[in-house]
2 protein chains.
Amino acid sequence: MVTIYDIAAKANVSAMTVSRVINNTGRISEKTKAKVKKVMEEMNYVPNQMARSLVLQQTRILFLLITDITNPFYTTLSRGAEDAATKNGYRLLFGNSDENLEKEAGYMNTILTTRVDGVLIAPTGDPSLPHLEQLRLHNIPFVLLDREVPGIECDIVLGDSKEGARQLVDQLASQGHQHIALVNGSSSVSSARMRRLGYEEALKLNGLPLHEERVFETSFGPRSDLTELDAWISSLDPMPSAIVAGNNVLAVEVIGLLRKRGLRIPDDISIVCFDDFGPYSEIDPFITVVAQQAYQFGYMGMQMLIDRIQNREDAGPWKKIVLPAELVVRSSVKRLLD
Amino acid sequence: MVTIYDIAAKANVSAMTVSRVINNTGRISEKTKAKVKKVMEEMNYVPNQMARSLVLQQTRILFLLITDITNPFYTTLSRGAEDAATKNGYRLLFGNSDENLEKEAGYMNTILTTRVDGVLIAPTGDPSLPHLEQLRLHNIPFVLLDREVPGIECDIVLGDSKEGARQLVDQLASQGHQHIALVNGSSSVSSARMRRLGYEEALKLNGLPLHEERVFETSFGPRSDLTELDAWISSLDPMPSAIVAGNNVLAVEVIGLLRKRGLRIPDDISIVCFDDFGPYSEIDPFITVVAQQAYQFGYMGMQMLIDRIQNREDAGPWKKIVLPAELVVRSSVKRLLD
DNA sequence: TTGTATGCGTTATCAG
DNA sequence: CTGATAACGCATACAA
């Protein structure tokens, strides 16, 4: 490995001079600067970030941990975070926890040992608390995305899950639906809790009864095994006229299962869900959704994180951004009235 | 920051003993081992990977650089790579070059300065050559994904693009299509070149004429501005009865544009493409595609990379894996015969 | 404008 | 079984 000493020797200067040329600090004669630069080229020198970070105590690297790299919500969010990071001269590394606490723990380890400057994280759920406490303990700035975690105060970007769920149910009710089921994420995830709350409130406001057995809670992430989900659908009696899905992944899986039963959407059963389908909304935009501003989640979250990093001490109070969700009416809901 | 010296002091041992406990090397009495471990717990010690890498000259971190985090092909591939890395005890970091050579250069910098142990990379195209030469020069093992780069010999996982394109055209021809256009990725991307070759060969084999103006080359990545693509569609005269898209992104964009013109698929125009839609194939599987084994791209590529890393010296010849693509016939092609 | 000494946190080597 | 010392590659503080 070529070090500053190697190039210093070849350029007949001290290592410090090389270091100064690299970082453009101090005053150096144009002549030696040119010479050093030439030697660096010749020897294909690449600074060692490890060594540099060790002395500087900072990496200029930020980390984004998402829970499902397969979900357009998160990939779009990632693009937003990436853009904001790049704009501010930071590098961004990605991790994918796969809605799995153990994998998240693995990434926490990388984050901690690798001493990144800050973390943007969509936690897998409430059990992520210890992970966040670790970050706090080690003084690593972080911003939460999409999900609150009870027990920790911090900067956060949220969607208006309750209101969104309410809109979804209202939309169904307005078309005359009375039997509305809910497939949702785990109750250990704040957004799932809020969506359920919105669902329940909206039922009440529309004068519809709440049936516990019409609510099914599972993971927001894709399942390798759909039998449980399918069993729940089988258990529904009577079959609801509409289903609300807690996110796009669940919607897609449920639609697949329904079709396997020969049910057509929306003729036989209606469905609506949280989150849009990214580019794929384009090709067959038939599902009515509450679309979140995924890109903004990432972009604004990253902004907050960088603010926090750059103003370390005079930080100011924790900030909370709540992004509105927008109802996009398409054609997955059957009109039952008239 | 808590260092091994801090915990050494508190545990009344030397730093070396602490290091040995951490790494489970050398012989240490159970008693001191236990004591050290307890102190580490108490002080919330986290090893500094920077310092460690500096002396060990390795990170146990691998890097995966994809070109479009928004594309299910790459996200599925990522899952495969991740699984293989984890299984072998490596951590995996992701980067997204966005089909952009400059962004790729940025990640090359991170990769080089951060001294990861190996890289799995889907290059943006032939111009990526200098980047790969950098890796080679700095002795960083890498495996190419999905795209060849003329001028560099290395391990690689490819799809059978030519054969896939041929299948797509054959499928159209077998349904009676004679005017078949192609929207493709840039000719500086090997997979795009092979797909075009397959398209042209298949036309010839089916006795169909080749019209240059029916082929449009652009980026495989999503466009922020669709006017050029739209202009090409306008320029088509006569309108082809079918379009082959070089990948799923292009297919989606073209379908959007066609629909804006009031054209229905497949009634007014047929379309087929490379790559499936991941989970979204599930909800509206109407597009006939040649599906690639995305997960295997990542999994097998990662295996090759780790092999290469662990057998540094007695490496063996470069390996090339060609994954077959499978035609999945759905309902985006109109039957023109009979 | 340039150079010397020192330390960042860890591990390898060699000594005890 | 344990410890002292040097080294990894770089930048800060201070000298010259």
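Every chain is numbered from 1, with letters handed out A, B, ... down the list of sequences.
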Can you give me the closest heavy-atom contact between A/Asp68 and A/Gly221, atom names plus distance?
OD2-CA, 4.3 Å

Using a 4.0 Å heavy-atom cut-off, does A/Met50 contact any base of the nucleic acid, only the sugar-phosphate backbone, or nothing at all?
nothing

Phosphate OP1/OP2 of C/dT4 contacted by A/Ser14 side-chain N/O (<4.0 Å)
no

In whole Å, I'd like the distance from the CZ atom of B/Arg60 to the P atom of C/dT11.
15 Å

Among the nucleotides C/dC8, D/dC10, C/dT10, whichever has the atom closest to the side chain of B/Pro47 is C/dT10

Distance, rounded to the nearest Å, where A/Tyr5 contributes OH and C/dA5 contributes P
10 Å

Grab the CZ-P distance between A/Arg20 and D/dC14 for me, whole Å please.
14 Å

Side chain of A/Ser29 (C-beta onward), nearest among D/dA11, C/dT11, C/dT2
C/dT2

Between D/dG3 and B/Thr17, is there an OP1 or OP2 to side-chain N/O distance shorter than 4.0 Å?
yes

Donor-acceptor pair under 3.5 Å: do we get one between A/Arg115's side chain and the base of C/dG9?
no

Close aromatic pair by centroid cut-off 6.0 Å: A/Phe297 and A/Tyr74:
no

Given D/dA11, C/dT10, D/dT2, the nucleotide with the shortest approach to the side chain of B/Thr32:
D/dT2

Does atom NZ of B/Lys103 have more than 12 heavy-atom neighbours from other groups under 6.0 Å away?
yes

Identify the two heavy atoms, one from A/Arg91 and one from B/Thr110, that lie closest to each other, and give their separation to 0.1 Å.
CD-OG1, 2.6 Å

Ignoring backbone atoms, establish whether B/Asn48 has a side-chain N or O less than 4.0 Å from OP1 or OP2 of C/dC8.
no

Distance check needed: C/dG9 P versus A/Arg52 CZ, whole Å only.
18 Å

Check the distance between D/dA11's P and A/Asn24's CG and give it to me in whole angstrom.
12 Å

Below 4.0 Å: OP1/OP2 of D/dA11 and any side-chain N or O of A/Gln57:
no

Take atom CE of B/Met16 and atom P of C/dT13, then tell me their distance rounded to the nearest Å.
10 Å

CD1 of A/Ile4 versus P of D/dA11: gap in Å, rounded?
6 Å

Between P on C/dG9 and OH on B/Tyr45, what's the gap in Å once rounded to a whole number?
10 Å

Both B/Leu54 and B/Ile28 contact DNA chain D. Which one's nearest nucleotide lies toward the 5' end?
B/Ile28

Within the structure, does a side-chain N or O atom of B/Ser19 lie under 4.0 Å from either OP1 or OP2 of C/dT11?
yes

Does A/Val13 reach a base, just sugar-phosphate, or nothing at all? Heavy atoms under 4.0 Å.
sugar-phosphate

Among C/dG9, D/dA4, C/dT1, which is the nearest nucleotide to the side chain of A/Arg27?
C/dT1

Tell me yes or no: between the side chains of A/Gln49 and B/Thr114, is some donor less than 3.5 Å from an acceptor?
no

What's A/Ile22 touching, base or sugar-phosphate or nothing? Going by heavy atoms closer than 4.0 Å.
nothing

Using distance alone, with no hydrogens and no angle criterion, decide if B/Asp126 and B/Ser188 have a side-chain donor and acceptor under 3.5 Å apart.
no

